[in-house]
Amino acid sequence: MSHTERLPRNRTYLMCPPEHFTVEYAINPWMDTTVPVDPALALKQWHLLRDTLSDLGHAVHVLDPAPGLPDMVYAANGAFSVDGKVYGARFRHPQRAAEADAHRLFYAGGSWTYADPLHINEGEGDFAYLPGAYGGLILAGYGFRTDPAAHAEAQEVLGRPVVSLRLVDPAFYHLDTALAALDDRHITYYPEAFSPASQRVLAQLFPDAVIADRADAEAFALNLVSDGHHVVLNTEAMAMGEKVRAAGYTPVHVELSELKRGGGSVKCVVAELRP
Ligand code: ARG
């Protein structure tokens with residue numbers, strides 16, 4: 001494939017500052033409640049990421065952080081939007097349940113069609129959208145957080161085919177820790193995070209994917225945000241930066257070490273809004 005295809009497209013994102021960020025409960029293997037977080041550092045790193053996205057020409061909306069919701073900084077989990085329609089989140093763990101309401105209120109203030117979910121799902125944590133693949137394809141993860149019944153529900157709400165993929169490694173508990181869209185029709189993923197059958201499905205649909213290894217996945221390198229040309233990844237993910245560069249993209253590294261303590265990186269803290 002010619003690298004001239006790697007054209008950026010202006011995006012609209014939603015982020016929530018980590019003003020109340022702590023690790024006071026552990027709902028994924030990365031969270032360690034015995035090590036205190038550095039809130040000032042978390043906030044500084046978050047601001048640098050926001051400024052990086054703005055400087056690349058993207059619009060960034062900010063959601064007001066709420067006290068008592070320490071994971072609210074992971075804004076990607078609050079909903080999933082495609083073509084102006086929003087499939088709301090319903091969190092697996094009660095500690096995060098109220099975050100869905102804050103996101104619902106955000107969408108109520110715009111011209112979105114919002115659907116409240118019946119089934120447990122964690123928004124863009126477990127859903128990715130490839131507008132240029134097969135006419136518009138949704139990839140969806142299950143196994144740890146999102147209920148597979150939510151995949152069918154999302155398909156009904158959003159009117160796009162949803163491909164269900166089973167996650168099998170607890171370290172990679174959300175789809176966005178194991179797979180990312182590099183542009184409208186290309187992905188990168190870590191195969192071993194998926195069941196053998198799901199690996200076959202991915203190989204069939206995306207034979208030209210950039211393949212990541214375990215070290216990439218553990219560096220949260222798959223937890224990236226791409227505008228189709230610039231691929232924003234954390235500074236631990238240098239090896240992945242070179243892989244995407246070899247595929248024709250331009251890596252942009254941002255330090256996000258403090259937010260890894262909650263089990264997330266770049267993508268987890270950035271929701272894409274698709275009007
Ligand atoms: N502590 C959060 C949780 O376990 C981290 C969420 C990370 N977000 C993501 N999109 N993977 O729910």
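Heads up: numbering here begins at 1 and tracks the sequence. Every number for a ligand or one of its atoms is a count from 1 in the order of the listing.
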Worksheet, complete the sentence: When I138, N121, D126, V157 are each screened for side-chain contact (heavy atoms from CB on, under 4.5 Å) with F80, the one that passes is I138
Item to complete: Heavy-atom distances under 4.0 Å are what count here, so tell me which part of H93 touches ligand 1: side chain, backbone, both or neither.
Response: neither
Worksheet item: Salt bridge between K243 and D213, side-chain N to carboxylate O under 4.0 Å?
Response: yes
Practice prompt. Below 4.0 angstrom from a heavy atom of I27, which ligand 1 atoms are there? Numbered from 1 as shown, please.
Written response: 3 (C), 4 (O), 12 (O)
Practice prompt. Could you check whether the rings of F220 and W30 sit parallel, tilted or perpendicular, using 30° and 60° as the cut-offs?
Written response: perpendicular
Worksheet item: Side chain or backbone of M31 under 4.0 Å from ligand 1, or both, or neither, by non-hydrogen atoms?
Response: side chain
Fill in: Y173 touching ligand 1 at heavy-atom level, < 4.0 angstrom
yes
Worksheet item: Regarding Y129 and R160, is there a side-chain donor-to-acceptor distance under 3.5 Å anywhere?
Response: yes
Worksheet entry | Set of residues satisfying side-chain contact (heavy atoms from CB on, under 4.5 Å) with respect to T33, sequence neighbours excluded | V23, A26
Worksheet item: For atom 6 (C) of ligand 1, which of V270, N77, D71 has the closest heavy atom?
Response: N77
Worksheet item: Relative to the heavy atoms of G262, which atoms of ligand 1 are at a distance of less than 4.0 Å?
Response: 1 (N), 2 (C), 5 (C)
Practice prompt. List every atom of ligand 1 that sits less than 4.0 Å from any heavy atom of G125, numbering the atoms from 1 in the order shown and giving each element.
Written response: 10 (N)
Discussion item. What protein heavy atom lies closest to atom 9 (C) of ligand 1? Include the residue and the distance to one decimal.
Written reply: C268 SG, 2.6 Å
Worksheet, complete the sentence: If we number the atoms of ligand 1 from 1 as shown, the ones under 4.0 Å from a heavy atom of R145 are 3 (C), 4 (O), 12 (O)
Worksheet, complete the sentence: Honestly, for K267 the part within reach of ligand 1 (heavy atoms, under 4.0 Å) is neither
Worksheet item: In ligand 1, which numbered atoms sit nearer than 4.0 Å to a non-hydrogen atom of H174?
Response: 8 (N), 9 (C), 10 (N), 11 (N)
Worksheet item: Nearest protein heavy atom to atom 12 (O) of ligand 1, by residue and atom, and its distance?
Response: R96 NH1, 2.6 Å
Discussion item. Quick test: of every protein heavy atom, which one is nearest to atom 10 (N) of ligand 1, and how far off is it to 0.1 Å?
Written reply: D176 OD2, 2.6 Å
Worksheet item: By number and element, which atoms of ligand 1 are closer than 4.0 Å to a non-hydrogen atom of Y74?
Response: 1 (N), 2 (C), 5 (C), 6 (C), 7 (C), 8 (N)
Worksheet, complete the sentence: Across all chains, not counting sequence neighbours, the side chain to side chain donor-acceptor pair (under 3.5 Å) partners of D147 are none
Practice prompt. Considering only NZ, NE, NH1 and NH2 on the basic side and carboxylate oxygens on the acidic side, decide whether E124 and K267 come within less than 4.0 Å.
Written response: yes
Practice prompt. For G263, counting its heavy atoms only, list the atoms of ligand 1 lying under 4.0 Å from any of them.
Written response: 7 (C)
